[in-house]
Structures are given as C-alpha cells and as structure tokens.
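In this chain, numbering begins with 1 at the start of the sequence shown.
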Amino acid sequence: QVQLVESGGGLVQAGGSLRLSCAASGRTFSSYVLGMGWFRQAPGKEREFVAAISWDGVTYYADSVKGRFTISRDNAKNTVYLQMSSLKLEDTAVYYCAAARGTAVYTRAYDYGYWGQGTQVTVSS
C-alpha cells in the first residue's frame, strides 16, 4: 500500500504562487516504480488532470496550467511537488496527489490506484 499526504495549500491572491507537496509512505518509491500526478476538483465540477511525472522525470501538463505550474519529484524523499505560479481565480480547487504503479506518465484518473485526501487552494482577487 502507498499512503499519500498533501500539504501546502492555502489562500493566495491572483498572480501569486504556492508550492504543494505530496509525501508518500508505506510501500513507496523504493519498493514500487510509481508515476505521480496531481488532479484538482472545483465545486460543482468533475475532477480534472493537472500534471503528471513519470518515475524517471518525464512530465505532462494540462493545457490550462502549462507554463504556470511545474511538477517535480524527489525520489530520495518520497515526495512530489507542484509549484504553482501566476495563479488565477479558476485555479481554486481541492488538489489531489495520486500514484500509479508503472513507468509511464499517466493522465487519466482511473490509471491511479492511490490517492491523497486533498488540499484546498483558494485564489482570491
């Protein structure tokens, strides 16, 4: 099993920055080859893909965040990060970290078998 805990969410003004972290525990990066991803869900909307990173660092982004968000991972620390810059009102959502066993970059929610509880990001005007 893999447990994921997100942190770093909060309230930020439009144009500002936040860095989310996702710490993995249990059968983590040393035991499994894991692709990692970030998703978000705004009130009244479906969960949507934000960014993903493969075991060896290949990244992929949703068009809505490309150029503003950066996903990275530190395998030694079993941690994945999402650096968010130039935040917009529409980035307001609960952000979820997810892990998928395998070597690819995964962009679909059903590829992920492990999920965190989420962290709230609120962007104000």
Side-chain angles (χ1 to χ4, degrees):
Q1 286 291 337
V2 177
Q3 292 80 44
L4 303 171
V5 178
E6 304 97 335
S7 61
L11 175 65
V12 62
Q13 285 192 324
S17 299
L18 277 177
R19 188 177 81 156
L20 305 183
S21 299
C22 172
S25 60
R27 298 290 298 277
T28 58
F29 299 175
S30 62
S31 299
Y32 295 151
V33 174
L34 295 174
M36 302 297 295
W38 288 95
F39 290 75
R40 66 186 181 187
Q41 188 166 17
K45 295 188 177 181
E46 294 186 353
R47 190 170 299 191
E48 65 174 359
F49 168 77
V50 175
I53 187 167
S54 68
W55 169 256
D56 56 354
V58 177
T59 60
Y60 191 84
Y61 298 92
D63 288 343
S64 59
V65 306
K66 200 172 296 182
R68 300 188 297 121
F69 290 10
T70 302
I71 188 171
S72 61
R73 65 190 294 163
D74 185 336
N75 290 340
K77 295 182 178 180
N78 295 317
T79 302
V80 177
Y81 305 97
L82 185 69
Q83 178 67 49
M84 306 185 293
S85 303
S86 302
L87 283 161
K88 303 177 181 179
L89 297 179
E90 53 264 41
D91 293 320
T92 294
V94 177
Y95 283 71
Y96 297 90
C97 174
R101 294 183 65 180
T103 59
V105 178
Y106 302 98
T107 63
R108 301 171 298 188
Y110 68 75
D111 286 324
Y112 289 86
Y114 307 99
W115 292 84
Q117 292 300 306
T119 185
Q120 176 71 47
V121 172
T122 303
V123 183
S124 65
S125 59

Practice item. Check the angle between the aromatic planes of F49 and Y60 and answer parallel, tilted or perpendicular using the 30° and 60° thresholds. Key: tilted

Check your understanding: Going only through I, L, V, M, F, W and Y residues with side-chain contacts under 4.5 Å, is there a path from Y114 to M36?
Key -> yes

Practice item. Taking all non-hydrogen atoms of both residues into account, name the closest pair between R68 and S86 and its distance. Key: NH1-O, 3.0 Å

Exercise for review: Apply the test side chain to side chain contact (heavy atoms under 4.5 Å, CB included) to residues Y95 and E6: give CA-CA distance (whole Å), side-chain angles for both, the deciding distance (0.1 Å), then the verdict.
Suggested key: CA-CA 8 Å; Y95 283 71; E6 304 97 335; over 6 Å; no

Review point. Which heavy atom of Y96 sits nearest a heavy atom of G116, and at what distance?
Key: CD2-O, 3.6 Å

Check your understanding: Hey, does L82 have a side-chain heavy atom less than 4.5 Å from the side chain of R19?
Key -> no

Exercise for review: Begin from the C-alpha positions of S21 and K77 and carry the test side chain to side chain contact (heavy atoms under 4.5 Å, CB included) through to its verdict.
Suggested key: CA-CA 11 Å; S21 299; K77 295 182 178 180; over 6 Å; no

Check your understanding: Is the count of non-hydrogen atoms from other residues, nucleotides or ligands lying under 6.0 Å from E90 atom CD greater than 12?
Key -> yes

Review point. Does CD belonging to Q117 count more than 12 external heavy atoms closer than 6.0 Å?
Key: no

Exercise for review: Could you state whether F69 and Y81 fall into the same hydrophobic cluster, counting links through intermediate Ile, Leu, Val, Met, Phe, Trp or Tyr residues with side-chain heavy atoms under 4.5 angstrom apart?
Suggested key: no

Study note, to complete from the structure: Closest heavy-atom pair, D63 versus K66, reported as atoms and distance to 0.1 Å, is OD1-NZ, 3.1 Å

Check your understanding: Would Q120 and L11 satisfy side chain to side chain contact (heavy atoms under 4.5 Å, CB included), going step by step from the backbone distance to the final call?
Key -> CA-CA 8 Å; Q120 176 71 47; L11 175 65; over 6 Å; no

Check your understanding: Under 3.5 Å, side chain of R73 to main-chain N/O of S54, donor-acceptor pair present?
Key -> yes

**Study point:** Qualifying residue for side chain to side chain contact (heavy atoms under 4.5 Å, CB included) with M84, from D91, L20, V50
**Key:** L20

Review point. Given side chains that start at C-beta, do those of C97 and W115 come closer than 4.5 Å, heavy atoms only?
Key: no

